[in-house]
Protein chains: 2
Amino acid sequence: MTLNNEQAITSADKTFYQLRNDIVEGIIPSGSKLSETELSTKYEVSRAVVREAINRLATCHLVERKANVGARVVALSPEGLVQLYQVREALEGMAARLAARYMSDDEIAAMQGLLDSHFNKVKGGESYYQEAGDVDFHYRIVTGSKNSHLISVLIDGLYHLVRMYRVQLGMAGPRVTTAFDEHRHIVNAIANRDEELAEILMRRHILYSKNNIEKKLNHA
Amino acid sequence: MTLNNEQAITSADKTFYQLRNDIVEGIIPSGSKLSETELSTKYEVSRAVVREAINRLATCHLVERKANVGARVVALSPEGLVQLYQVREALEGMAARLAARYMSDDEIAAMQGLLDSHFNKVKGGESYYQEAGDVDFHYRIVTGSKNSHLISVLIDGLYHLVRMYRVQLGMAGPRVTTAFDEHRHIVNAIANRDEELAEILMRRHILYSKNNIEKKLNHA
DNA sequence: AGAGCCTATATTGTCGACATTATGAGAAAA
DNA sequence: TTTTCTCATAATGTCGACAATATAGGCTCT
């Protein structure tokens with residue numbers, strides 16, 4: 001994550017971010033139970049703030065809560081991954097369309113510059129920049145849509161789940177250069193203010209990405 | 001709302017549903033502040049449950065919370081309406097596509113029967129069934145997608161905002177017969193398992209609906 | 001032995017009190 | 001008169017304790 005303008009001001013914020021990170025990174029195993037009392041001692045805060053943090057995690061679909069029973073970390077499954085990418089396809093496709101409509105010329109130019117720098121780095125062999133670059137690209141498209149619903153659902157919600165799948169299924173790698181070409185084509189469509197093409201290309205880009213992950217999932 | 005399988009088991013659930021209803025119906029005015037202490041005396045529950053209810057309202061985008069300041073009911077605006085329908089177009093379009101893929105033949109038959117009965121009622125002049133019928137139709141498509149993300153984002157989230165706009169801008173009316181034709185065509189596409197057409201028709205249906213509301217909004 | 005009930009226990013749900021922060025009124029200075 | 005600082009006040013944030021609920025284990029009955 002290049003720039004995270006999320007800053008914790010309240011104690012519940014901090015606990016929420018820590019818990020979210022521990023879940024996404026797999027430190028707290030997928031499917032495990034989240035005990036409020038246990039976490040309150042572990043993080044040295046009251047049960048109330050842990051409760052609030054867990055509630056927020058539930059809105060991100062990172063945990064599932066049942067009344068009078070408790071919360072469990074979501075279980076990762078092939079079906080869950082497919083559903084997640086179906087929603088991504090719909091939302092990010094629309095985001096690309098709206099980005100082509102609403103992004104300023106300066107924003108577009110900045111994004112083109114970003115792609116150039118990433119391309120040079122990858123060409124130079126620094127493949128570990130791949131995920132950060134990919135994340136950065138998608139962030140810019142989404143925020144470029146200027147649609148607060150899209151922004152919150154994707155950036156505050158789905159992207160953390162996406163990262164959870166990537167991390168816990170060990171998706172380090174490839175698809176670097178091909179993804180870059182796809183990114184380039186999307187940016188070109190946006191620069192040309194071609195809404196239709198931007199949406200189509202983004203949807204295909206996400207479909208390819210899903211197929212790539214699914215292939216790895218089935219081989220593992 | 002025909003069938004609401006949401007049942008309150010905890011006190012926070014009940015308070016959440018009451019608050020949500022009061023906000024959507026405009027009993028609590030749009031833009032007003034939500035005082036935790038005030039609401040806790042009004043609804044005769046602890047501040048903790050009001051707090052949790054408000055947090056859930058925030059995840060529905062019905063209120064906006066600022067740390068150490070409080071929560072306000074969202075302000076309705078033309079821009080907000082446009083953004084809301086942009087997201088609806090993306091998500092419900094995908095829902096229609098997935099419904100064409102995953103709905104069982106029985107579900108499709110039931111939906112066709114539902115449309116028939118609604119059509120007869122509207123033909124008979126009972127135009128006040130319009131909204132309930134429309135809501136029911138969209139619910140079935142969304143649940144027919146079998147995608148838990150789509151279901152929760154739309155049914156638990158956006159639809160309440162949509163209804164809030166309808167109620168508070170006084171959208172009683174027309175567009176009954178034309179909407180029915182559109183519904184019919186969508187169901188036909190789903191019955192034919194034509195994913196592409198189902199998505200396109202649903203997106204156009206929502207676009208028309210948005211234009212209709214926007215027209216009223218500008219005239220008012 | 002197996003099924004069903006019942007109690008013990010641990011967890012979640014709720015509450016009231018205290019701590020901390022934002023905000024506006026009022027006084028003091030320019 | 002205007003501006004700025006201070007402080008009172010009221011709201012939100014946090015806490016620990018109590019109440020209500022689910023779950024597991026043992027017990028009884030067949």
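Numbers restart at 1 for each chain; the letters A, B, ... are given by sequence-line order, proteins then strands. Just so it is clear, the values below take in all heavy atoms, side chains as well, and ignore hydrogens, waters and symmetry mates.
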Salt-bridge test for [X] and [Y]: reply yes if a basic N is under 4.0 Å from a carboxylate O, no otherwise.
| X | Y | result |
| --- | --- | --- |
| A/R203 | A/E92 | no |
| B/R72 | B/E64 | no |
| B/K42 | B/E38 | no |

message: Looking only at the side chains, is there a donor atom on one of A/S148 and B/H61 sitting less than 3.5 Å from an acceptor on the other?
response: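 No donor-acceptor contact under 3.5 Å links the two side chains.
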task: Any chance you could list the contact pattern along nucleotides 6-17 of chain D? Use B for base contacts, S for sugar-phosphate-only contacts and - for none, protein heavy atoms under 4.0 Å, 5' to 3'.
output: -----SBBBB-B
message: Does the Lys NZ or Arg CZ of A/R88 fall within the cation-pi geometry relative to A/Y85 - under 6.0 Å from the ring centre and within 45° of the axis?
response: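 Yes, a cation-pi geometry holds between A/R88 and A/Y85.
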